[in-house]
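Accompanying notes for the structure given below.
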Amino acid sequence: MSNSLAPADTAALPAQRLANPLRQLSGLIEQPAVRRSLPFLFLAGLIGAAALAWSMIATPPQRILFANVSDADKAAIVTALDGAGIANGVDGSGSVTVAEDDYHKARMLLASQDLPKAAPGGYQILDQLPMGVSRAVEGERLRQARETELARSIQEIDAVAEARVHLATPEASAFVRDRANPTASVILKLQPGRVLGEAQTRAIVNLVAASVPGMLPEGVTIVDQMGALLSKTGANGGASAGDTRIDFQRRVEDKYRQQLAQLLTPLVGAGNFTAEVQADVDLDESQATRESYDKEGAVVRAEQGNWTGTSRDGQAPGGIPGALSNTPPPASTIVAPNAAATPAAQTAAPAAPATPVSKQSDSFTRTYETGKQISVTRATPGNVKRLSVAVLLREEPGKPRGQVEIQQVTQLVRAAVGFDANRQDQVTVISRKFSGAADADKAAPAWYDADWVPLAARNATALVIALLVLFLGVRPLAKALLKKRDEPSHRPALPIGGPDGEAPAGPAVSIDMIERSGGYDERVALVRGFTRDNPARAALAVRDMIKADAQ
């Protein structure tokens with residue numbers, strides 16, 4: 001029987017295996033060696049899945065370190081990071097990325113090595129000009145070089161990350177009325193969390209205006225990356241009169257608040273008080289001029305007038321107008337030529353005495369020089385016209401503050417702010433219980449907003465997945481393997497044949513087991529077990545044997 005069964009089975013098995021791949025796969029799995037190795041394969045798959053899940057979860061999120069850099073700078077950055085042992089990568093857009101935990105460390109490392117390399121100097125563009133370029137191209141290159149240099153200069157400011165400068169230089173004109181001043185526009189990308197103050201904005205405006213001949217500060221416009229206009233036209237480099245007044249008043253009030261905080265913090269403790277100051281600041285500029293004269297000690301500076309009069313003999317004045325018009329000429333004397341002069345002739349006849357004149361009326365206009373004093377008084381804006389201070393002290397439950405303590409605090413506050421009763425200043429100090437809202441504002445941020453929470457959550461998730469794989473996958477498989485290993489040693493030996501000649505109940509018998517059987521009795525027992533487990537296949541084998549005998 002065994003001789004006829006083996007050839008039939010061996011002839012039918014290849015056809016069945018080729019006819020049904022699924023049955024072939026199931027037959028492969030039913031092999032003892034494969035069946036014994038299945039737990040190990042399943043365990044290896046679980047370990048691989050756990051490792052993959054751990055690598056996906058434990059990998060920290062990536063953050064873009066630098067974007068839009070040249071390939072040379074990108075290669076230098078990657079080399080520097082690899083040398084420092086910092087994991088990095090390049091995403092699809094060409095940006096260099098690092099782990100979020102290593103972001104600041106990588107930035108400081110690259111900054112120490114001056115990476116990425118700054119763009120070449122603007123004036124190097126002029127060295128690349130070919131021979132024979134037109135004047136228009138040369139002018140555009142010069143303007144581009146100036147823009148690049150100005151942008152690099154502005155980027156030296158700590159709060160500025162990137163800067164771009166556009167210059168609008170009109171063509172020179174021979175007509176004065178057609179001349180236009182150059183203008184400039186600057187767009188700034190500020191560092192995260194940084195803002196530009198008014199003084200820094202004015203500094204950038206003056207820097208750009210002083211770098212271009214003929215440019216005025218009013219012709220420079222500055223915009224940040226959010227589209228906010230930073231430069232303003234008007235007096236004092238920017239702000240209008242209303243903004244200047246409000247800003248000055250805010251600075252005065254902040255100064256008083258800082259003084260009150262420094263005074264009250266050691267006394268009542270930080271967070272146990274709140275102070276508000278309202279200052280009425282006089283920002284009107286006034287100028288007065290005064291002139292005063294010394295009425296005593298007057299000195300004649302100029303005199304103008306005339307007077308009229310007549311002579312005593314009544315003769316009307318005549319003659320040539322002049323200094324001697326009212327004086328008659330002396331008597332003439334004839335002298336012979338070449339004759340000796342007589343003493344009488346040598347002596348000139350005395351002039352006739354002037355006829356006294358009597359004054360009838362006079363009219364004079366006199367100007368006196370007096371002492372003069374000019375005083376110019378100019379009041380500088382910024383004086384405080386009135387000051388109002390309100391201080392609220394925290395009152396502990398069951399511990400009210402006494403009037404003496406409140407009065408002492410009031411006196412201290414008055415001394416700190418320079419209280420002046422003539423200005424009608426007002427200082428009010430009260431003690432009340434603070435509401436819970438104030439305590440909530442001063443409380444520490446929630447624990448889930450801390451920086452360590454994402455890292456702890458990521459590691460905890462990876463640990464939970466590993467534990468689930470260990471307890472739900474590895475542990476049951478290990479128990480099953482140990483149980484199967486212990487079963488053959490504790491199972492009693494069964495006889496090959498039962499009392500009725502039937503094969504004992506046991507594991508399923510396969511064709512490979514029959515082929516590997518050693519003795520005749522063992523093969524008969526396996527054939528009986530195979531027939532019991534697979535009656536259909538046994539019937540087919542018997543049919544094949546009958547056909548073979550008939551032939």
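Between the CG atom in Asn88 and the OG1 atom in Thr79 there is a gap of 9.0 Å [rounded to 0.5 Å]. To the nearest 0.5 Å, the span separating CZ on Arg394 from NZ on Lys433 amounts to 12.0 Å. Put simply, CG on Leu230 and OG1 on Thr221 are 10.5 Å apart, with the number rounded to the nearest 0.5 Å. The OG atom of Ser231 lies 10.5 Å from the CD atom of Glu218; values are rounded to the nearest 0.5 Å. In this structure, CG on Leu463 lies 9.5 Å from CG on Leu468, to the nearest 0.5 angstrom. Taking CD1 from Ile222 and CD from Gln200, the interatomic distance works out to 10.5 Å, rounded to the nearest 0.5 Å.
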Kindly indicate, with the supporting measurements, whether the criterion side-chain contact (heavy atoms from CB on, under 4.5 Å) is fulfilled by Leu264 and Leu412.
-> CA-CA 9 Å; Leu264 297 178; Leu412 289 176; 5.6 Å; no
Could you check Ile77 against Phe66 for side-chain contact (heavy atoms from CB on, under 4.5 Å), going step by step and ending with a plain yes or no?
-> CA-CA 9 Å; Ile77 291 172; Phe66 290 106; 3.7 Å; yes
Is there a side-chain contact (heavy atoms from CB on, under 4.5 Å) between Val220 and Thr183 once you walk through the steps?
-> CA-CA 6 Å; Val220 180; Thr183 57; over 6 Å; no
Run the numbers on Val384 and Tyr256 for side-chain contact (heavy atoms from CB on, under 4.5 Å), then give the verdict.
-> CA-CA 12 Å; Val384 178; Tyr256 283 119; 4.1 Å; yes
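Screening Leu267, Val429, Leu392, Leu393 against Phe273 for a side chain to side chain contact (heavy atoms under 4.5 Å, CB included) leaves a single residue, Leu393. The only member of Lys385, Arg423, Gln424 that meets side chain to side chain contact (heavy atoms under 4.5 Å, CB included) when paired with Asp280 is Lys385.
At least one side-chain heavy atom of Lys74 sits under 4.5 Å from a side-chain heavy atom of Val96. Using a 4.5 Å cut-off on side-chain heavy atoms (C-beta onward), Leu65 and Arg107 make contact. At a threshold of 4.5 Å between non-hydrogen side-chain atoms, the residues Leu188 and Val223 do not count as touching. Residues Thr428 and Val389 fail the side-chain proximity criterion, which asks for heavy atoms closer than 4.5 Å. For the pair Asn181 and Met215, the minimum side-chain heavy-atom distance is 4.5 Å or more. Using a 4.5 Å heavy-atom cutoff, the side chains of Arg164 and His166 are in contact. By the 4.5 Å heavy-atom criterion applied to side chains, Leu196 and Ile204 are counted as neighbours. Leu260 places a side-chain heavy atom less than 4.5 Å from the side chain of Val417.
Looking only at distances, a side-chain donor or acceptor of Asp224 sits under 3.5 Å from a matching main-chain atom of Gly227. For the pair Asp91 (side chain) and Ser95 (backbone), a donor-acceptor distance under 3.5 Å is present.
A pairwise comparison of heavy atoms in Pro182 and Pro170 identifies CA-CD, 3.7 Å as the closest pair. Between Leu167 and Arg146, the shortest heavy-atom contact is CD1-CB, 3.9 Å. Between Ala80 and Leu109, the shortest heavy-atom contact is O-CD2, 3.9 Å. The nearest pair of heavy atoms linking Gln62 to Ala99 is OE1-N, 3.6 Å. In terms of heavy-atom proximity, Leu190 sits nearest to Gln225 at N-OE1, 3.1 Å. Contact between Val268 and Asn272 at its shortest, heavy atoms only, is O-ND2, 2.6 Å.
Arg386 and Ser388 are linked by a side-chain donor-acceptor pair at a separation below 3.5 angstrom, with hydrogens and angles left out of the test. In the model, Gln249 has a side-chain atom that pairs as donor or acceptor with a side-chain atom of Glu253 under 3.5 Å.
No more than 12 heavy atoms of other residues, nucleotides or ligands shown are found within 6.0 angstrom of CZ on Arg432.
The pair Arg143-Glu140 meets the salt-bridge criterion, with a side-chain N (NZ, NE, NH1 or NH2) lying under 4.0 Å from an Asp/Glu carboxylate O. Ion pair Arg251/Asp247 flagged as a salt bridge, since at least one NZ, NE, NH1 or NH2 atom sits closer than 4.0 Å to an Asp/Glu carboxylate oxygen. Classification of Arg257 and Glu276 as a salt-bridged pair holds, one side-chain N sitting under 4.0 Å from a carboxylate O. Between Glu198 and Arg202 a salt bridge is recorded (basic side-chain N to carboxylate O distance below 4.0 Å).
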